[in-house]
Protein chains: 2
Amino acid sequence: MRASRFFVSTLKEAPSDAEIASHKLMMRAGMIKRLGSGIYSYMPMGLKIIRKVENIVREEMNRSGAVELLMPVVQPAELWQETGRWDKMGDELMRVKDRHGRDYAIQPTSEEVITDIARSELRSYRKLPVNFYHIQTKFRDERRPRFGLMRGREFTMKDAYSFDRDVDGLKKSYQIMYDAYVRIFARFGLQFRAVAADNGAIGGSGSHEFHVIASTGEDAIVYCPDSDYAANMEAAEALPLDATRAAPTQTMTKTATPGKAKCEAVAELLNIPLSTTIKSIVLTVEKAATEKEAASKQVWLLMLRGDHVLNEVKVSKIPGLAGYRFSTEEEIVEYFGTLPGYLGPINTKKPINVVADRTVANMHDFVTGANEADYHLTGVNWGRDLPEPTVVDLRNVVEGDPSPDGKGVLAIQRGIEVGHVFQLGTAYSEAMNATFLDENGKPQPLQMGCYGIGITRILGAAIEQNFDDKGIIWPSAIAPFEVVLCPMGYDRSEAVKSETDKLYAELQAAGVDVILDDRGERPGAMFADWELIGVPHRVVIGDRGLKDGQLEYQGRRDTEATSVPLAEIASFVKARLAAQ
Amino acid sequence: MRASRFFVSTLKEAPSDAEIASHKLMMRAGMIKRLGSGIYSYMPMGLKIIRKVENIVREEMNRSGAVELLMPVVQPAELWQETGRWDKMGDELMRVKDRHGRDYAIQPTSEEVITDIARSELRSYRKLPVNFYHIQTKFRDERRPRFGLMRGREFTMKDAYSFDRDVDGLKKSYQIMYDAYVRIFARFGLQFRAVAADNGAIGGSGSHEFHVIASTGEDAIVYCPDSDYAANMEAAEALPLDATRAAPTQTMTKTATPGKAKCEAVAELLNIPLSTTIKSIVLTVEKAATEKEAASKQVWLLMLRGDHVLNEVKVSKIPGLAGYRFSTEEEIVEYFGTLPGYLGPINTKKPINVVADRTVANMHDFVTGANEADYHLTGVNWGRDLPEPTVVDLRNVVEGDPSPDGKGVLAIQRGIEVGHVFQLGTAYSEAMNATFLDENGKPQPLQMGCYGIGITRILGAAIEQNFDDKGIIWPSAIAPFEVVLCPMGYDRSEAVKSETDKLYAELQAAGVDVILDDRGERPGAMFADWELIGVPHRVVIGDRGLKDGQLEYQGRRDTEATSVPLAEIASFVKARLAAQ
């Protein structure tokens, strides 16, 4: 490609609404152009990258046996009503009426449509298994779109849906997709990690997220450097920090802690480690009256070590706590007899359910609130001072926690979620009555999996992982161009022009995606443009070097240029490309 | 591709709402699946064809120097309000509100967005010319969607937009696109015709439509077999059928024609050719009162030969007739003194404007209404009986009319419009204030052209041109597969399996898009499927033929199969493919 036949448009300054590096750099490099809040045009330089990402995804999806189709952007509301998502999705679902007043959704995903296709096309076990995917425009009406392509409203996603006759089949299809995703992210040339994720009702290893590692990532991901354990923060299992509980050494004592409502303050006042204090979290579960039962209200006390953080996803899975909410101050006073800050499991005003985190359950001589303003209890011990609690994993893991697989300690890094594989089971097929006939002619619900990759989000994530103060540093596989040729005086020097054209033709013939900058820009501006855009390999062709038969090569991460003899330059560049 | 890894799903019967061949066949061949009115999922077999169409379009657009980008599906209303299309487009424009109540359009085309991009990106003459295109999902809320992909609501279109500094540049950009379109349609392997079309205000050769020829086409297209003249019916120029006017031979006579209100009836009663009668068409142009002028009303009489048909596009361009409407019966009685059926230019009750078609202007001894019920005037002659009229081309051409280029006579055939190139000029750039700075730093409006191809419509048009009672007959370039291998007993016969696999590998290695039908269907069902789907080349591999070292080849249009020696089959098939 000659730059004069492409569209190169860079900016010195990013617009003021761009907050993060990838958003700023994509705007400055002329890859995207804002049309409205969370809505971007993909300019030629951006679209070229998107196409490379799509092609890698498509090749690996096809290799895995998935079949591509294309489902519509505008989808009838009736299907969304069948699964209840028409109501559940709330304002995120973009809704539209046609000229006859009929309701439609602009698709955020396509579970409903693919299940509708499946229930008419996959009516026999002989059609199974099958995995359909499409790469299509999506819309989510985010409350606060931001970060460019990272949290846009209109975006491109690859979504795949597998259909199997039973759970074993689903697990196989899921593993095939998992393996394809590993190949895909490896081919992108990005550092990534697949982490176990919560998948609600199904449990087990039924869901993984794929994260691109970046210090600016929104998500904390947990892994064990000594094993292959990895999970997102919601799903990472926290083991008890002490394997067994030590015997009591202190007597339970009511201690004045005036105005010290936080664990940190209590620990400081009493000059004890924070890790001997207990945080009390109070939750309410209400049930409305039914024909058979009167309305009821239960109050729960969750006990967490003072330096730990509650994991709300884990809480939501505790039997009896589905649909919980944080208790009101009135409820707390009603059940505990005092205001928050001095709560504990001992001497409550009304009966409550007590749940202790695994680590708390193995603590001894600990500190809790005394259920009286300005007082705590110290030297509290299970069994002696209060009954043995229900023990549950309640907390977020922290760095240095033991790995759940017993093979070392956990580390935490930041990631950007760009892919998700998920065992749906029969949730959609049952809601939409999508069944197949088995060998005995008996209808069975289809077992479904769904598998997404945020195509446009990949661009943002790749940049967050790979940039410097000059601009973007693309991995070759998804760079807009692999190599840029920068001739110094293409229109003035016969020698420069002819050597540039020769090298350009040679690299093109070798299948290298090369751009020749024939725009006639000054060298400084030309170099700055391509460093900003992030082309990974640059060759400068100038009269000065040519006199000695030399060209200048510089990799985007190199601090200095390398002189390469004219005769060797093509093979030198090809070797650099192959080395990646 | 192995059929077992693809998704082949055919139907014996088309759904009852499919009215035309292409719709029926695409449904039966499992290429599309209806999701809602005018909204289809593209199933794997259909998407594969769409991708081939897209790739040909993309290659030729790139070759022509156009640059691909991608504009959003959901577009802010503000841009559409700037050009006035938010109101003008009426119910066809699908409108949507986001969670904050802001208005958006789902794009039917992207003139507004590209002009918005242009006004910020193309601010200097140095950036010009440039031609941006995208291939994107479109939505038009048709009042009556039908004919499958032919008149759907959601569809895929390639739309390109050129920007030039002046009209000469626009004409060059336009010609480049015209030439690219000719290459594109030729590569599809379809019979097509580019015809001049009306382009409103700009005139001249500023617009062409590309039609796929098909006897079922909705549009009449006009061409001269002896020259390159071609136009759509709206734009085809009608010359006078007599080069000069003969002298009068009859006296004007009031003749009783009781109850004969139509030209045909009058001609029959008087036993004269229909071509000596005149049809009277009465139009009204009203102007509302302004500060300077009172409201006014003009009535016009358009005179057309009895056997000719009015061309309303031509009428709308007559000076003074912009915004015309057909007159009411009250107006006709007010101005002519009688009811329709007996109207004419002579002895009107109030003054009217008379316009004669070119052919009418050269008639003599003709028949018109007498402006009195049940009477006509015969032997009427211009100049003698009534003043010379204003002469305008008013009518549709008919087969056998002289070609406007003087090189023969016109023929008419049916076509399906699949492409349109159009010189927009400065309509959008002036409405949206999209200017560039010329060499003198002076702002000038951008000269725009727009160029569309209905990607998904191509499929319907190709089928309407190429089908028989067995199914579709794809041209190789846009066939879902070029060749199908039909082994008889792939799972039973070692010889069949090994020869099939060998041929499959050999054709794949040669870059042939081949599908191996390993589904294990009975031969009859297998052959019927691929004839329905329309794969242009088929090879049958069976034990019977293999005994004699023979395979069976049959082209989709061939009436019989050809025996081909095993050793020659690959080169035979490649030769057949190359011959197309």
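Each chain gets a letter, A, B and so on, in the order the sequences are listed, and its residues count up from 1. Computed from a predicted structure; not experimentally measured.
With a 4.5 Å cut-off on non-hydrogen atoms, B/Ile50 does not touch chain A at all. In this structure, chain A has a heavy atom under 4.5 Å from the side chain of B/Phe132, while its backbone stays farther away. For chain A, the nearby part of B/Lys97 is the backbone; its heavy atoms alone come within less than 4.5 Å. Neither the backbone nor the side chain of B/Arg2 has a heavy atom closer than 4.5 Å to any heavy atom of chain A. Using a 4.5 Å cut-off between heavy atoms, B/Leu69 contacts chain A through both its backbone and its side chain. Of the atoms belonging to B/Val130, it is side-chain heavy atoms, and not backbone ones, that fall under 4.5 Å from chain A.
Proximity to chain B among residues 109-126 of chain A is limited to A/Val113, A/Asp116, A/Ile117, A/Ser120, A/Glu121, A/Leu122, judged by heavy-atom separations below 4.5 angstrom.
Here the straight-line distance linking atom CG of A/Asn62 with atom CE of B/Met1 works out to 6.0 Å at 0.5 Å rounding.
Looking at every heavy atom in both residues, B/Pro76 comes nearest to A/Gly36 through CG-CA, 4.4 Å.
Between the side chain of B/Glu68 and the main chain of A/Pro44, no donor-acceptor pair closer than 3.5 Å is present.
Ion pairing of B/Glu92 with A/Arg99 is absent here, as no side-chain N (NZ or NE/NH1/NH2) approaches a carboxylate O to less than 4.0 Å.
With sequence neighbours excluded, no residue forms a ring-ring contact (aromatic ring centres under 6.0 Å, His included) with B/Phe139.
Listed options A/Ile39, A/Ile106, A/Val74, A/Thr137 were ranked by heavy-atom pairs under 4.5 angstrom with chain B; first place goes to A/Val74.
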